[in-house]
Each structure stands twice: as structure tokens, then as C-alpha cells.
Amino acid sequence: VQLQASGGGLVQAGGSLRLSCAASGRTFSTYAVAWFRQAPGKEREFVAGISRGVGSTYYANTVKGRFTISRDNAKNTVYLQMNSLKPEDTAVYYCAADDPGVGIYYSDYSRQLKYDYWGQGTELTVSS
């Protein structure tokens, strides 16, 4: 599967933005998908994940209550709705998908090594 992240931009603190992760292929519903981000000078970190099937969701504590991950399998797209944005949310955001043949345990969604497919990243800047 190929992933294409989009929707980044410049937003003021307190604002909202929605990122999209569009996937190729007709079986996107079978992939677990996650968003990661990497701020300048920092390591890439987990933001949110969504499972295949029932679409269970998982969030980093830093974004819980502000960000919402969702998926539209008919459109082969996963979204990340970001509200109440803060300057510390500034980063390049990447979407990633697992190998459906392997699967991913719920406690492993934050582990980058569990994902086999990565998008190119979309940049978000939150101004204060």
C-alpha cells in the first residue's frame, strides 16, 4: 500500500486542522493505521492509531481530548482532526500502516517498528 499524507499548514494556537492519509489499494480497511510526528530536533513520536475492523482508537497522552483519528474505508482515507492546537504540536506528521498479514497488538500501536508502510509527511506549524 502507498500512503499520501496531506492537510498540513500554518495555524494559530487554539485553531483546528484536519490531516488526511490517503491510501492506494482496495483493501485499506484491513490495515491498522497510525499518525506519528517529528518536531525539529526531536525524535519521531506516536500521536494516534486506529485499528482495522471496528476502528478502535489509541492516543498519546499529549493529544488525548484534542485530536481525533478516524477512517473512511470507502474513501481509503484516515483522518486526524486536530483541535485546540498548541505551538508544541508543530511537527512533520506522518501516517503509517501495518502489515495486515502480521497484525498489531493494541499495546504496540505506539511502536514505529510495527509499521511497514509510511507516507511522506505533511508539515504543521502552530504559531503562538
Side-chain angles (χ1 to χ4, degrees):
V1 66
Q2 291 184 325
L3 305 176
Q4 179 77 32
S6 63
L10 175 63
V11 182
Q12 286 190 334
S16 299
L17 202 66
R18 189 178 76 165
L19 304 182
S20 298
C21 177
S24 61
R26 295 176 291 178
T27 60
F28 186 54
S29 60
T30 64
Y31 292 80
V33 179
W35 286 95
F36 289 81
R37 67 186 182 186
Q38 186 168 20
K42 296 187 177 181
E43 294 186 352
R44 191 160 56 185
E45 63 177 6
F46 171 75
V47 176
I50 188 166
S51 72
R52 64 180 56 80
V54 298
S56 299
T57 57
Y58 309 92
Y59 297 94
N61 288 333
T62 52
V63 306
K64 198 172 294 184
R66 300 188 298 122
F67 290 12
T68 302
I69 188 171
S70 62
R71 67 191 305 161
D72 185 337
N73 291 328
K75 295 183 178 180
N76 279 4
T77 302
V78 167
Y79 302 100
L80 184 68
Q81 177 66 44
M82 304 181 293
N83 300 326
S84 302
L85 284 163
K86 304 175 181 179
E88 50 263 45
D89 294 319
T90 294
V92 177
Y93 284 73
Y94 300 89
C95 59
D98 74 336
D99 178 350
V102 175
I104 184 168
Y105 197 55
Y106 76 95
S107 61
D108 287 336
Y109 272 80
S110 62
R111 299 179 62 188
Q112 298 181 46
L113 292 178
K114 292 296 184 179
Y115 298 90
D116 294 272
Y117 307 98
W118 291 81
Q120 86 291 355
T122 185
E123 187 169 4
L124 168 68
T125 302
V126 183
S127 63
S128 57

Item checked: Charged tip of Arg71 within 45° of Phe28 ring normal and under 6.0 Å -> yes

Notebook entry, point to check: Does the side-chain contact (heavy atoms from CB on, under 4.5 Å) test come out yes or no for Arg66 and Tyr59, once each step is laid out?
Noted result: CA-CA 10 Å; Arg66 300 188 298 122; Tyr59 297 94; over 6 Å; no

Applying the 4.5 Å side-chain criterion to the ILVMFWY set and letting contacts propagate, would [X] and [Y] be lumped into a single cluster?
X	Y	answer
Val47	Val11	yes
Tyr117	Ile104	no
Tyr31	Trp35	yes
Leu17	Tyr79	no

Is the shortest heavy-atom distance from the side chain of [X] to the side chain of [Y] under 4.5 Å?
X	Y	result
Met82	Val63	no
Phe67	Leu85	yes
Ile50	Tyr109	no

Item checked: Between OG on residue Ser84 and NZ on residue Lys86, distance to nearest 0.5 Å -> 8.0 Å

Check: So Phe46 and Tyr58, ring pair (Phe, Tyr, Trp, His ring centres under 6.0 Å) or not? Walk me through it.
Finding: CA-CA 10 Å; Phe46 171 75; Tyr58 309 92; 7.9 Å; no

Item checked: Check against side-chain contact (heavy atoms from CB on, under 4.5 Å), Arg37 and Thr62 -> CA-CA 12 Å; Arg37 67 186 182 186; Thr62 52; 3.7 Å; yes

Margin query: Testing the basics here: between Val1 and Ser24, what is the closest heavy-atom pair and its distance to 0.1 Å?
Written below: CG2-O, 3.1 Å

Item checked: Shortest non-hydrogen contact from Val33 toward Tyr115 -> C-CE2, 4.5 Å

